[in-house]
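Labels below follow one simple rule: chain letters A, B, ... track the order of the sequence lines, proteins then strands, and each chain is numbered from 1. Keep in mind that what you see is a predicted model, and the values were worked out from it rather than measured.
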Amino acid sequence: MKRCDLLVDLGRRRFLSGAGVAAAGVAASAVLPANETKAAVPTARVTYPSTRLGNVNELKLNEPLDVAYPDDDASGVLIKLGKRVEGGAGPEGDIVGFTTICPHKGYPLHYNSERRTLNCSGHYSVFDCEAGGQETWGHATQNLPQYSLRVDEKGDIYAEGVDELIYGRLSNVL
Amino acid sequence: MAYKRQIDRLPIIPADAKEHNVVCHYCIVGCGYKAYTWDIDKQGTTDPAGNKFNVDLSQQQGADTEAWYAPAMYNIVKQDGKDVHIVIKPDVKCVVNSGLGSIRGARMAEMSYSAVRNTEQQRLTDPMVWRYGQMQPTSWDDALDLVARVTAAVIADQGEDALFVSAYDHGGAGGGYENTWGTGKLYFGSMKIKNIRIHNRPAYNSEVHATRDMGVGELNNCYEDAELADTIVVVGANSLETQTNYFLNHWIPNLRGISQDKKQQLLPNEPHEPARVIIVDPRRTVTINACEIEAGKDRVMHLAINSGTDLALFNAWLTYIADKGWVDKAFIDASTKDFDKAIAGNKTSLEEAARITGLTVDQIRQSAEWMAQPKEGGARRRSMFAYEKGLIWGNDNYRTNGALVNVALATGNIGRPGGGCVRLGGHQEGYARPSDAHVGRPAAYVDQLLISGQGGVHHIWGCDHYKTTLNALQFKQAYKRRTDLVKDAMSAVPWGDRPAMVAAITDAIKKGGLFSVDVDIIPTQIGQAAHVWLPAATSGEMNLTSMNGERRMRLTERYMDPPGSAMPDCLIAARLANNLERVFREMGKTEIADRFKGFDWKTEEDAFMDGYHQHEKGGQFVTYARLRAMGTNGFQEPAVGIEGQGATAQGTTTGQTPGMVVQGPAIEGARGKEPVQQATPTTATPPPAPPAGSEPIIGTQRLYADGKFNTKDGKAIFMETKWRGFEASGKEEESKKFAFLINNGRANHIWQSAYLDQENDFVMDRFPFPFIEMNPQDMAALNLKSGDLVEVYNDNGSTQAMAYPTDRAKPKQTFMLFGYPTGVQGNVVSAGVNEFIIPNYKQTWGNIRKLADAPEVVKGLSFKEKEYAPPV
Ligand code: SF4
Ligand code: FES
C-alpha cells in the first residue's frame, strides 16, 4: 500500500523531492515579483540577506533573544536550547531561530521556557522549538518558519534563509 | 525534523482574478471561503492596483489581514481544461468564521488534485475493474454495464434484499443535497432497498433518534446562541478541535465577555455576565483548557465522569432542578407533555448520581445551579446544551440523548435566544431522499449480515468500513473472504466475454461470494476488496449544496475540473439507473425497467432541482441562482419565502401551526434536519415557482421559536430514561476484563478518516501513526517511551498506535485517534450496539503492550503537551 513508504522520513523526502517540484511549479509559472523579472534564471527560493543577528555570547541558556529577519518588520527569536537538535547551529548545534509571527493569523508568539515551545495567545497554537518548530497543536497549516543559521569563528550568528512562508508577506524578502 | 515546504514566495492574486463562493467541505461548521483563480501565465503585482486586495503588498501585513495566504491555500489546478492558479482562503465576510481558517479547511487548495504540483495524486481518474488479477482502468460504459448486469441478475434471482448498500448521508465533501438525492432516488425511489447503512454506522438509522422522537430536531439553534447564552453545557464534545471556528468565533467572545453588548442589545431586560461553561467529558481536552484561559477557572466546570455514565448525571440534574422549582412551568404547560411521567420515572438523587458517575454531590449540584438557577431579579437562565460523539457513540445512546433533551425542555431552553439543545455535528449535512420508512426500526444490522454471508452485491458510496466501522477486524476478514471468491471467479474468464463474466460472478455469489462496487474519490481500504471502482468528483469539482450546524445552506461553486473522467455522485447514480433500466428491459422485465425512469439529469443542478427543490421543505424557494447571489452567508433552513414576496402563508415555517405543512412527500426522520411531519392537507394552492431570479431567500434563524414542535399536536414529549448501566451487550464484562479504557475520537490536524490527509505531507509528518494518549505513569509501567509503537488488543481484535504521554490522561484511561489509516481503532470495538443499532465506540477496553521502539519516521516528532500555556 501507499503508506509503506512511511518508513522513510517524510519530511526529508519532501525536502529532497516534493518541495523541489513545488518550487519549480511556482517558479516556472512566472511568479517573480515585478521588480525581479530581469533575473535571467529564476531561483527556487528568493535571495536572502545574510544578516548578523547576534553573538553566541549574548545567548543565555533557554532564554529567547529578540531578533528580526529578513528585515525589521519580521520579528523572531534566537534560542540556545542546551541540547543538540536537528537544524541547530553553533558549536553545540543547539542554537535555533524562528519567526515569532504566528503562521495562523499573525498574532505574536511567546516563549514558554519550561516546555520550550512558542505559544500563541491568538488561538492557542503551540510550536515545538526542539522539533524544528513542529506545530505540536494548533491552527496554522504549516510548521513554524525556521531560520537557516550560520555561526562564524567569532561566534557571530547569521541568518541566511527561512524554510516556510512568513505570515503577512507573499514573499519572505519584500 | 519537522516538515517544511521550502516555499517562501507565492503568486499574487491579480485584481481581475475570478472569484467563487466556497464553503469548507470538511467539518460541520461550514466556514466560508473564496476561491480565486487566474490564468497560469498571469500574476498580480505588489502595488495596490495590481492585486485583488487593493493593498501595497511590498509591506508586511498585520495580524488578521485579508491580504495573506499560506502555501497550503495555493495550488495549480485544471479549470475547463486549462491550468490555472488557485488560492482558496477564508472569507472575512462570512458570518460563520469571519475570516478564520482551521488547520483542516485552510488546506483545501493543497488537498486538491494537481498534476502540476503533485498533490492528491491518489485521486481516481478512471473507472477501474478487476481484470487479469488487478485493478485496471476502463471506460464508464464498460464499468457501468458490468455493474448493472451483475446487480440486475442478482435482483432478478434473489430480490432487492440481496443488494446491500453503504451510502453516506451527509453534506460537504462527497455529500450534499445533489448526491444524497441521487443515491436516494435510486435506492429508495426506483428500488426499496432495506439492507442499507450509513457511512459511520452499521445500519440506516438516526444517531439522534431520541430527540426526534421527542419532537425536537437536533439542529435547532443558531451559532449566535453561543454568544448569548449564560451557560454553555457541553457533553462529549471537544469543540476547539472538532468544531474549531464555531468555538473560536462564537463561544470565545461570550467566554471573554465581549459579546456583552450584543446580549444587552438583544436581551435588554435581564442581567448579563460572561458565559459559564460546563463540560462533561471523562478526559481533559484542549477545549477545557481554552475555556479556562478565556473565562477563568472559576467559570469553567469540567465534570470528568466515569465513561458512559452521562445518563445518570442528566437524570439527577432534572430531578434537582425540578425539586428546586427552577423549571419553566409556563413553557412546559403550553408546549410539552409527559413532564410528570419523566420526573417520576427518572428520579435520581444527587448521591445516587455521584456514586454512578464518580463526581461529587457538590459538583452535580453546582452544575445544576449554573444551568438553571434563576438570574438576579428572577430572570430565567439561558443555557445552551450541546453534545456530540461522546454522547452519540456512548453508552445507551437513545436514553442518554433523551435525558439531555429533558433537561433542556424543563428549563425552557429550546427555541429561545441563548438556548438550544443541539448536536454539534461532524460533517455538514445535506440530506434529501425519498422516504426510508420501508427500512424499518430497528434497521437491519448490515455489517453483521455481511459477515454472516448475506447479500450478493454491495454498492458502496463514499464509505470505508475498513477504517470506520466497529468490530472492524471481523468485518474485514469476512469481507475479504467473500470478495476474494468473486475475484478468483473473474480472473478465470476473459474480460471480453461479458455473458461468461456475469455468469462466473453470479455463480461465485451463490457460493457465498460478494460482488463489491466502490464509488469514491480515492482508492479506499475497503476498495482493496472491491471489483469495480467508480471515480467521483468532490466539492468544488462540482456545484454542491449543504448546510452547516445552524442549518445554514450555501452553494459551493465549481471552481476546478474533477480529475480525469470522475463525475459527481448524483450523475454516477443517474448513469447507473440508466444502465439498470436498459439491462432490465433487455431481460424483458419492463415493469422493473420503468421504475428507473426519471434519471435524465445532465448536471448536478438537474439533480438539485429534481430533489431538494421539489421535495424538501421550503425547497421551492431555493435555486442555484439565489444561492449564488447569497454568497457564503446563504440562509438558514428551512426557507420560508423570498424577500420582497414575504414569507409564504402555506406554512413551510417550522411548526407555526400544529401539524405543519410540507412541500411534496414528507420525509420522515430526515437526517441533517428536523424530521418533517406528514402534511395535513392544505386547501391553499402552493405558490407558483418563482422565476429563477436572485432575490434573497428568507430563512429560519431558530426552530421552535413559537413553542411548537415536530409532533402531531405540536407538543414536545418528555421521555422516561431510566439508568440501566452499560447497555450494549458485552461492555460490562469487557470493562472488567481489560486494563485500559480505549476512549477514542478526532484530532485537530486531521479531517475524518484522513482519506485526503493520508497524502498530505504536513499531516503525515505530524502523525505517521495514530496517537494513543496515555498517562506517563502507565507508560512507565509498560516501559514505553514517547512514540513507541504499541499494540492495543482485546477479544475483538488488535490494532496499533504510537504512545503519546500526557498528564491530561487519567491513569488507565487512554485516548486513541479514531479511523486512522495506519492503525484502525475500530478493530478493537465490539459488535455491541443499542436497541436501534447505534454503535458504542467510546466504551471500549483493551490491554496495551509494546511492539517496537519509535520507528525512524516518528523520531524527532513533538510529543509535548498539546495544551496552550499562557505567558507566566
Ligand atoms: S472549522 Fe471546520 S468548516 Fe471551518 S475551516 Fe475548519 S474544517 Fe472547515
Ligand atoms: S494567530 Fe496564532 S493561533 Fe491563531
(request) Give, for atom CD1 of B:I13 and atom CG of A:L170, the distance between the pair rounded to the nearest 0.5 Å. (result) 8.0 Å

(message) For B:T244, which atoms come within 4.5 Å of any heavy atom of chain A: side chain, backbone, both, or neither?
(response) side chain

(message) Any donor-acceptor pair under 3.5 Å linking the side-chain atoms of B:N289 with those of A:Y124?
(response) no

(request) Determine the option with the most heavy-atom pairs under 4.5 angstrom with chain B, choosing from A:G138, A:G87, A:G133. (result) A:G138

(message) Report, in residue-number order, which members of residues 99-117 of chain A are under 4.5 Å from chain B by heavy-atom distance.
(response) A:I101, A:P103, A:H104, A:K105, A:G106, A:Y107, A:H110, A:N112, A:R115, A:R116, A:T117

(message) Taking side chain as everything from C-beta outward and backbone as N, CA, C, O, which of these in B:L57 sits under 4.5 Å from a heavy atom of chain A? Side chain, backbone, both or neither.
(response) both

(message) Is B:F767 in contact with chain A via its backbone, its side chain, both, or neither, using a 4.5 Å heavy-atom distance?
(response) neither

(request) Return the option, out of A:V162, A:L144, A:D128, with the maximum number of heavy-atom pairs under 4.5 Å with chain B. (result) A:D128

(request) Considering non-hydrogen atoms only, spot the tightest contact between A:L165 and B:W68 and give its length. (result) CD2-NE1, 3.8 Å

(request) Nearest 0.5 Å please: distance from the CZ atom of B:R104 over to the NE2 atom of A:H139. (result) 9.0 Å

(message) One thing to verify: whether A:E164 and B:R5 come together as a salt bridge, which I'm taking to mean a side-chain N less than 4.0 angstrom from a carboxylate O.
(response) yes

(request) Determine whether the side chains of B:E865 and A:W137 contain a donor N or O and an acceptor N or O closer than 3.5 Å. (result) no

(request) Go through the atoms of B:V763 and report whether side chain, backbone, both or neither lie under 4.5 Å from a heavy atom of chain A. (result) neither

(request) Select one option (side chain, backbone, both, neither) describing which atoms of B:T65 are under 4.5 Å from chain A's heavy atoms. (result) both

(request) Give the intermediate values and the outcome of side chain to side chain contact (heavy atoms under 4.5 Å, CB included) for residues A:Q134 and B:D765. (result) CA-CA 9 Å; A:Q134 186 166 58; B:D765 171 67; 3.2 Å; yes

(message) Once rounded to the nearest 0.5 Å, what's the spacing between atom CD of A:Q142 and atom CD1 of B:I103?
(response) 10.0 Å

(request) Could you list which of residues 57-77 of chain A have a heavy atom closer than 4.5 Å to any heavy atom of chain B, in residue-number order? (result) A:D73

(request) Please flag which part of B:P870 lies under 4.5 Å from any non-hydrogen atom of chain A: side chain, backbone, both or neither. (result) backbone

(request) Calculate, to the nearest 0.5 Å, the distance between atoms OH and CG belonging to B:Y3 and A:D163 respectively. (result) 11.0 Å

(request) Report the distance from atom CG of A:N143 to atom OG of B:S862, rounding to the nearest 0.5 Å. (result) 9.5 Å

(request) Check whether B:L861 gets within reach of chain A through its side chain, its backbone, both or neither, counting any heavy atom under 4.5 Å. (result) both

